[in-house]
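Computation of the quantities below employed the complete heavy-atom set of this structure, encompassing side-chain atoms and omitting hydrogens, waters and symmetry-equivalent molecules.
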Amino acid sequence: MTATPPEIDVAAEAGELVAGMPARPWGQVSASPYETGRVVSLAPWLAGHAARVDFLIATQRADGGWGPPGGYALVPTLSAVEALLAELRREAPCAAPGLLAKVAARGLEAVRDRPLPAASLPDTPAIELIVPSLLALIGGHLDAGPPDTGGERSGTARPEPPAGLSDAKLTAVRAWLASGADVPQKLVHALEIAGPEAVASSTVVPTPMPGGMAAVGASPAASAAWLAAKGGPVTGGPAAGGPGAGKAAPYGGGRPAAEETAVRRYLEAVVASTGGPVPCALPITVFERGWVLSWLRRAGVPVDVPPELAASLRDGLGPDGIATGPGLPADADTTSVALYALALLGEPREPEGLWPFELETHFCTWRGEEGMSLTTNAHVLDAFGAYVRGCGGQPRHAAVVARLAAWIRDRQEAGGGWRDRWHISPYYATACCAIALHEFGGEECAGAVDRAVDWVLGGQRADGSWGRWEGTAEETAYALQTLLLTGAARRGRGRGRQAVERGYRRLLEIRDRDAPPLWVDKDLYLPTVIVRAAVLGALHLAQAELRSLPEPDSR
């Protein structure tokens, strides 16, 4: 290796990235086969329908499935199959019936040939509701008999549910919705599982947005399901907030037409921004801005931040926290990252919006969460730690820092890493936990940080990258951040420096390649700007470290 690795102008690229964010205020997220399939099935009238069908056909894997490997493929595959079968049964399908039948049949075969027990299903939101709801829809299509497929058959054998997974919870949830009882906001994000009768009877109300729009659970699929159950697309009537707004519509049980119009406008805005295929959640304004600014500023990247970006973080914070998107519940993850980003921008604030999520031992992501998240708690540790460091705080703030540091430390895996429910890569979870413990955990956490560093060093691939399934730019960036923001390259001298240099060189080579979705929602997704910021932060750290360290002794 040469003593002077190649460099890029990270500050210039980061400046362009941040300066361009106000032009895309909803954020940038990869298209989801699951969510796109739901919109194909529920809203064929929506602009870009043919593009969504083409997307499903084009993204089918060679083995017949959709999405990532293993159990993560089940939800997107079932959704794509159901959507194509629904399209096949329409009077004028937008693709050749034979092609639709062939693609759907291959998807059904993929599900039947690789059965999973319920215990092996990934921990993705509402999977225990989504899978039985899709299986029932697929079964209905197959029971209806084969449509005209131009000689192709769509497959007749019904796929079986994962062993141990029943539809009992789905039945209970649908009955609950149909009763008109209050609906937890988190459930609204997956409202499409409920079926039209339950949605029509539910108390779910769209969340108003600027521009006369309204979203249901920040989800195109949930919004399409709500609109379909309330009477379908609005083709006329008063616009939201315009003359005549609030008058009864001819559908939806007398709801004002403005409500349906506002949801339709949201869906039209989503597909206009994406070109057709849709993500699982949009907008993600605060989520994207908080993560981007915290990645860059924590890495020391010199970047000017437009005032409106900081204002959007500041203005949304309140005593109940802040939500990722309209119609989603406030959550501790988005709230804590927004607080930490503001602290890095010189605006440390008392983390009042996090107290509602405090439990006896840790913080929940949202109230009523089933399970727990290590990375959420690492981000809460960042927020409280930055406040104590910047403002002193009160004894209870310091107590939270100490308690969370111990809680995270005690959940380190035997090998030295961490894993979490909101990102499938252990390199993300390990970066979040190890860096927070190094910065705010004190001497008690030094051993845990050292074990994390050793685990990262041991996971480097022969080409210099890191990754769960393959070497990726995103995961390589997290590994480099773990090594560099904990001071491991300096402590480890030769070994650490060599790992950083090899990782840096490989990151330069792969940073512009198509990135796989590794973040967890109903389907896996890629928040493109957030990941790019993480990569730029890692490059900046590596450049600074490699310039400052002497060449290791070749002996």
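- By the 4.5 Å heavy-atom criterion applied to side chains, Arg532 and Glu13 are counted as neighbours.
- A salt bridge links Glu413 with Arg419: the closest approach of a Lys/Arg side-chain nitrogen to an acidic carboxylate oxygen falls below 4.0 angstrom.
- Side-chain atoms of Lys522 and Ser219 form a donor-acceptor pair, as typed in the model, at a separation below 3.5 Å.
- Across all their heavy atoms, Ala269 and Met213 have their closest contact at CB-SD, 3.6 Å.
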TODO: May I have the step-by-step check of side-chain contact (heavy atoms from CB on, under 4.5 Å) for Leu342 and Leu317, ending in yes or no?
DONE: CA-CA 11 Å; Leu342 286 171; Leu317 288 169; 3.5 Å; yes
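- Across Pro220 and Val270, no two heavy atoms sit closer than the pair CG-CG1, 4.0 Å.
- Residues Met209 and Pro326 approach most closely at SD-CG, 3.7 Å, considering heavy atoms.
- Of the possible donor and acceptor atoms, none in the side chain of Ser465 sits under 3.5 Å from a partner among the backbone N and O of Thr472.
- With hydrogens and angles ignored, the 3.5 Å screen pairs no side-chain donor or acceptor of Trp226 with any backbone N or O of Leu191.
- Between Leu309 and Pro22 there is a side-chain heavy-atom pair separated by less than 4.5 Å.
- Taking both residues in full, the closest heavy atoms of Ala341 and Gly290 are given as CB-O, 3.8 Å, listed atom of the first, atom of the second, then distance.
- With Ser133 contributing its side chain and Ile193 its backbone, the two residues share no donor-acceptor pair below 3.5 Å.
- With salt bridges taken as basic N to acidic carboxylate O contacts below 4.0 Å, one links Arg506 and Glu509.
- Taking CZ of Phe384 as the reference point, atom CD of Glu358 lies at 7.0 Å (rounded to 0.5 Å).
- Here Arg61 pairs with Asp63 in a salt bridge; the nearest charged N to carboxylate O distance falls below 4.0 Å.
- His540 places a side-chain N or O within 3.5 Å of a backbone atom of Gly300 that can act as its donor or acceptor partner.
- Distance alone, capped at 3.5 Å, places no donor-acceptor pair between the Arg289 side chain and the Ser312 backbone.
- From Arg511, atom CZ reaches atom CZ of Arg513 across 12.5 Å, with rounding to the nearest 0.5 Å.
- The line from CG of Leu313 to CG of Leu345 is 7.5 Å long, rounded to the nearest 0.5 Å.
- The heavy-atom pair separating Val305 from Ala310 by the smallest distance is CG1-N, 4.4 Å.
- Formation of a donor-acceptor pair under 3.5 Å by the Glu35 side chain with backbone atoms of Ala221 is found in this model.
- Across all non-hydrogen atoms, the minimal contact from Leu381 to Ala405 is CD2-CA, 4.2 Å.
- Remark: Arg298 engages Glu439 in a salt bridge, criterion side-chain N to carboxylate O under 4.0 Å.
- At a threshold of 4.5 Å between non-hydrogen side-chain atoms, the residues Leu187 and Leu129 count as touching.
- Residues Val337 and Val286 have side chains not in contact (no heavy-atom distance under 4.5 Å, counting atoms from C-beta outward).
- Glu288 contributes a side-chain N or O that, together with a main-chain N or O of Gln28, makes up a donor-acceptor pair within less than 3.5 Å.
- Here the straight-line distance linking atom CG of Leu539 with atom CD of Gln481 works out to 10.0 Å at 0.5 Å rounding.
- Looking only at atom types and distance, the side chain of Thr365 has no donor-acceptor partner in the side chain of Asp333 under 3.5 Å away.
- Tested against Trp455 for a ring pair (Phe, Tyr, Trp, His ring centres under 6.0 Å), the candidates Trp418, Tyr427, Trp466 yield a single pass: Tyr427.
- Listed for the Ser373 side chain is a donor-acceptor partner under 3.5 Å among the backbone atoms of Thr376.
- Looking only at side-chain heavy atoms (C-beta outward), Leu518 and Leu524 stay at 4.5 Å or farther from each other.
- Looking only at distances, a side-chain donor or acceptor of Asp523 sits under 3.5 Å from a matching main-chain atom of Tyr34.
- Partner of Val278 under the side chain to side chain contact (heavy atoms under 4.5 Å, CB included) criterion, chosen from Thr36, Leu46, Val29: Thr36.
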TODO: Starting from the C-alpha separation in whole Å, work towards a yes-or-no answer on side-chain contact (heavy atoms from CB on, under 4.5 Å) for Val111 and Val81.
DONE: CA-CA 10 Å; Val111 173; Val81 167; 5.6 Å; no
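- Ring centers of Tyr478 and Tyr428: under 6.0 Å apart, within the cut-off.
- No side-chain N or O of Ser425 forms a donor-acceptor pair with one of Glu474 less than 3.5 Å apart.
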Open item on the list: Could you go through Val18 and Asp304, starting from their C-alpha distance and side-chain angles, then the distance that decides it, and tell me whether this counts as side-chain contact (heavy atoms from CB on, under 4.5 Å)?
Closed with: CA-CA 8 Å; Val18 172; Asp304 293 329; over 6 Å; no
- [ ] Under the side-chain contact (heavy atoms from CB on, under 4.5 Å) rule, what do Leu344 and Leu293 come out as? Steps first, then yes or no, please.
- [x] CA-CA 8 Å; Leu344 294 177; Leu293 297 180; over 6 Å; no
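- Once rounded to the nearest 0.5 Å, the distance linking CG of Leu282 with OH of Tyr525 reads 11.5 Å.
- Classification of the Trp422-Trp366 ring pair by plane angle, with boundaries at 30° and 60°, yields tilted.
- Looking at Ser79 and Arg38, their side chains come closer than 4.5 Å, going by heavy atoms from C-beta outward.
- Side chain of His379 to backbone of Thr375: a donor-acceptor contact under 3.5 angstrom is found.
- Expressed to the nearest 0.5 Å, how far CZ of Arg52 lies from CG of Asp54 amounts to 11.0 Å.
- Side-chain atoms of Val40 and His49, non-hydrogen and from C-beta on, do get closer than 4.5 Å to each other.
- Two residues are said to be in side-chain contact when any heavy atoms from C-beta on lie closer than 4.5 Å; Arg421 and Val520 fail this criterion.
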